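Take a look at the structure set out below.
Throughout, numbering of the chain's residues begins at 1 and tracks the sequence. When reading the values below, keep in mind they use all heavy atoms of this one structure, side chains included, and skip hydrogens, waters and symmetry mates. Keep in mind it's a predicted model, so treat the numbers as computed, not measured.
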Amino acid sequence: MMMFLVFAFAKAQEPQIIPEESKFKDVKTKYWINTYGNIRISKRLFWIAQTHFRLEETENTPYVGQFAQIYNRHAIGYIYDKKTNFALGGVLRLNFNTDPESEAANLIPEYRIWHQYQFAMPVYNAMAYHRLRIEHRWSKGFNEEDNYIFRNRFRYMFRVKVPLNTPKLQTKTVYVAPEAEVILQSGTPVVASPLEDVRLNTTIGYIINPRLTVAAGFMYSFGQTLDNGGNYNQNYTARLHVYFSPDFRKVKNRLPDIHFRD
């Protein structure tokens, strides 16, 4: 019995075997419905309130077959000037077990603390955005014996919004917004898989008024799996966005439009 336990422990401690060549998994299809709220609190402060519903394919239904995650992301943001803002807050993410053959738990919460630094700059009649977001993340698997693990995530996103039917971004503007984001991770569980995700996305949006914008886009993403850095996930994701920016202050206290939407 003792020899068996020693052998089992030794097997558990064996390092992952990295393949000689990278292996890309089959593409998985997903559909995200995202709401982004920037609610003005005072002259310099605003409340970020975001809810994301993320679905993914099943064997018989692409894109919208089942729920995969629900995000509740909130933060308090600080407006430094019209083109610069910072934010600090928390995330509760609900992860659904999407493996049809699994007998483990169906739902596991994930917790994050995040802070963000965003800078906007005009480029001719368009706006370009640089966003740096750092997340401190506690997540776990669905099995009863799984424990929470801690990781840091470092995210850089570059995005350009280009008006198509008006001379600048304003009410009734149709715009196109290509963007690219790189997501890196670190922590004790991250041995050979620092590249969590690379996201390439293009969105078409419509500014209904200064307080409401709708958009839709399509994204291709890929990144290393946590358990083996030689294996890569791939995803096609259709995305629908609603941006709302209510301002309940008195008119005389309102600042001109600022460029902190993402």
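- At a threshold of 4.5 Å between non-hydrogen side-chain atoms, the residues Asn231 and Pro19 count as touching.
- Using a 4.5 Å cut-off on side-chain heavy atoms (C-beta onward), Val182 and Leu195 make contact.
- Judged purely by atom type and a 3.5 angstrom limit, Thr35 uses its side chain to pair as donor or acceptor with the backbone of Thr51.
- Atoms CZ and CZ, on Arg137 and Arg112 in that order, are 4.5 Å from each other to the nearest 0.5 Å.
- Leu55 contributes atom CG, which lies 10.5 Å from atom OG1 of Thr29 (distance to the nearest 0.5 angstrom).
- Annotation for Arg151 and Ser139: closest pair NH2-OG, 2.8 Å, computed over non-hydrogen atoms.
- Looking only at distances, a side-chain donor or acceptor of Asp81 sits under 3.5 Å from a matching main-chain atom of Thr84.
- Under the 4.5 Å side-chain heavy-atom criterion for Ile, Leu, Val, Met, Phe, Trp and Tyr, Leu45 and Ile39 are members of the same hydrophobic cluster.
- Counting only heavy atoms from C-beta outward, the side chains of Thr202 and Val176 approach each other to under 4.5 Å.
- In this structure, Gln50 and His74 have side chains that are not in contact, with every pair of non-hydrogen atoms separated by 4.5 Å or more.
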> Checking side-chain contact (heavy atoms from CB on, under 4.5 Å) for the pair Arg155/Met157: CA distance, chi angles, key distance, verdict?
Replying inline: CA-CA 7 Å; Arg155 305 174 54 171; Met157 186 268 288; over 6 Å; no
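- Side-chain atoms of Thr225 come within 3.5 Å of backbone atoms of Asn228 as a donor-acceptor pair (strictly under, hydrogens ignored).
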> Val242 and Thr213: side-chain contact (heavy atoms from CB on, under 4.5 Å), yes or no, with the steps?
Replying inline: CA-CA 6 Å; Val242 178; Thr213 297; over 6 Å; no
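- The CD atom of Glu135 sits 6.0 Å away from the CZ atom of Arg73 when rounded to the nearest 0.5 Å.
- Annotation: side chain of Pro246 is not in contact with side chain of Asn38 (no heavy-atom distance under 4.5 Å).
- Within a 6.0 Å radius of NZ in Lys140, more than 12 heavy atoms belonging to other residues, nucleotides or ligands are found.
- With contacts defined as side-chain heavy-atom distances shorter than 4.5 Å, the pair Phe46/Asn85 qualifies.
- Classification of Asp197 and Arg199 as a salt-bridged pair holds, one side-chain N sitting under 4.0 Å from a carboxylate O.
- Aromatic rings from His52 and Tyr36 are positioned such that their centres are separated by under 6.0 Å.
- Counting heavy atoms from C-beta on, the side chains of Gln234 and Lys28 never come closer than 4.5 Å.
- For the atom pair NZ (Lys25) and CG (Asn233), the distance works out to 4.5 Å, reported to the nearest 0.5 Å.
- With values rounded to the nearest 0.5 angstrom, Met219 atom CE is found 6.0 Å from Asn201 atom CG.
- With ring centers used as reference points, Trp138 lies under 6.0 Å from Phe150.
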>> side-chain hydrogen bond (donor to acceptor under 3.5 Å, both in side chains), that's the test. Do His130 and Tyr117 meet it? Break it down for me.
In response: CA-CA 8 Å; His130 299 272; Tyr117 312 87; over 6 Å; no
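- The two residues Val123 and Ala128 come nearest to each other via the heavy atoms CG2-CB, 3.9 Å.
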> Step by step, would you call Ser102 with Asn97 a side-chain hydrogen bond (donor to acceptor under 3.5 Å, both in side chains)?
Replying inline: CA-CA 8 Å; Ser102 174; Asn97 190 346; 3.0 Å; yes
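- In the hydrophobic clustering of this structure, Ile70 does not group with Trp114; members are Ile, Leu, Val, Met, Phe, Trp, Tyr whose side-chain heavy atoms approach within less than 4.5 Å, directly or through other members.
- Note: His241 and Tyr243 have tilted aromatic rings, judged against thresholds of 30 and 60 degrees for the angle between ring planes.
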>> Go through it in stages, so that I can follow the logic: the residues are Glu196 and Leu184, the test is side-chain contact (heavy atoms from CB on, under 4.5 Å), and I'd like the CA-CA distance, side-chain angles, deciding distance and then a yes or no.
In response: CA-CA 5 Å; Glu196 183 174 351; Leu184 303 177; over 6 Å; no
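- The CD atom of Gln185 lies 5.0 Å from the OG atom of Ser193; values are rounded to the nearest 0.5 Å.
- Using the six-membered ring where Trp is involved, Tyr78 and Phe86 have ring planes that are parallel, under 30° apart on the 30 and 60° scheme.
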>> Checking Tyr63 against Tyr236 for the side-chain contact (heavy atoms from CB on, under 4.5 Å) test, could you report, in this order, the C-alpha distance in whole Å, the side-chain angles of both residues, the deciding distance, and whether it holds?
In response: CA-CA 8 Å; Tyr63 292 99; Tyr236 289 151; 4.1 Å; yes
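- Using bins of under 30°, 30° to 60° and over 60° for the plane-to-plane angle, the ring pair Tyr232/Phe24 lands in the parallel bin.
- By the 6.0 Å contact criterion, CD on Glu21 is open, its count of non-hydrogen atoms from other residues, nucleotides or ligands being 12 or less.
- Cation-pi geometry between Arg54 and Trp32 is met: the NZ or CZ atom falls under 6.0 Å from the ring centre, inside 45° of the normal.
- For the pair Ala192 and Gln224, the tightest heavy-atom approach, listed with the atom from each and the gap, is O-NE2, 3.2 Å.
- Between Tyr220 and Phe222, the closest heavy-atom pair is CE2-CD2, 3.7 Å.
- Annotation for Pro189 and Ile149: closest pair CG-CB, 3.9 Å, computed over non-hydrogen atoms.
- Partners of Tyr206 under the ring-ring contact (aromatic ring centres under 6.0 Å, His included) rule, at least two apart in sequence or in another chain, do not exist in this structure.
- Ile183 and Phe154 are members of different hydrophobic clusters when ILVMFWY side chains are connected at heavy-atom separations under 4.5 Å.
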> Given the rule in the side-chain hydrogen bond (donor to acceptor under 3.5 Å, both in side chains) test, do Asn95 and Glu110 qualify, once you have shown the distances and angles that lead to the verdict?
Replying inline: CA-CA 7 Å; Asn95 296 321; Glu110 177 179 318; 3.0 Å; yes
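- Using a 4.5 Å cut-off on side-chain heavy atoms (C-beta onward), Arg131 and Gln116 make contact.
- For Ala215 against Thr203, the heavy-atom pair with the smallest separation is CB-CG2, 3.3 Å.
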>> Would Phe158 and Tyr129 count as a ring pair (Phe, Tyr, Trp, His ring centres under 6.0 Å) here? Give the steps.
In response: CA-CA 6 Å; Phe158 177 73; Tyr129 299 86; 9.1 Å; no
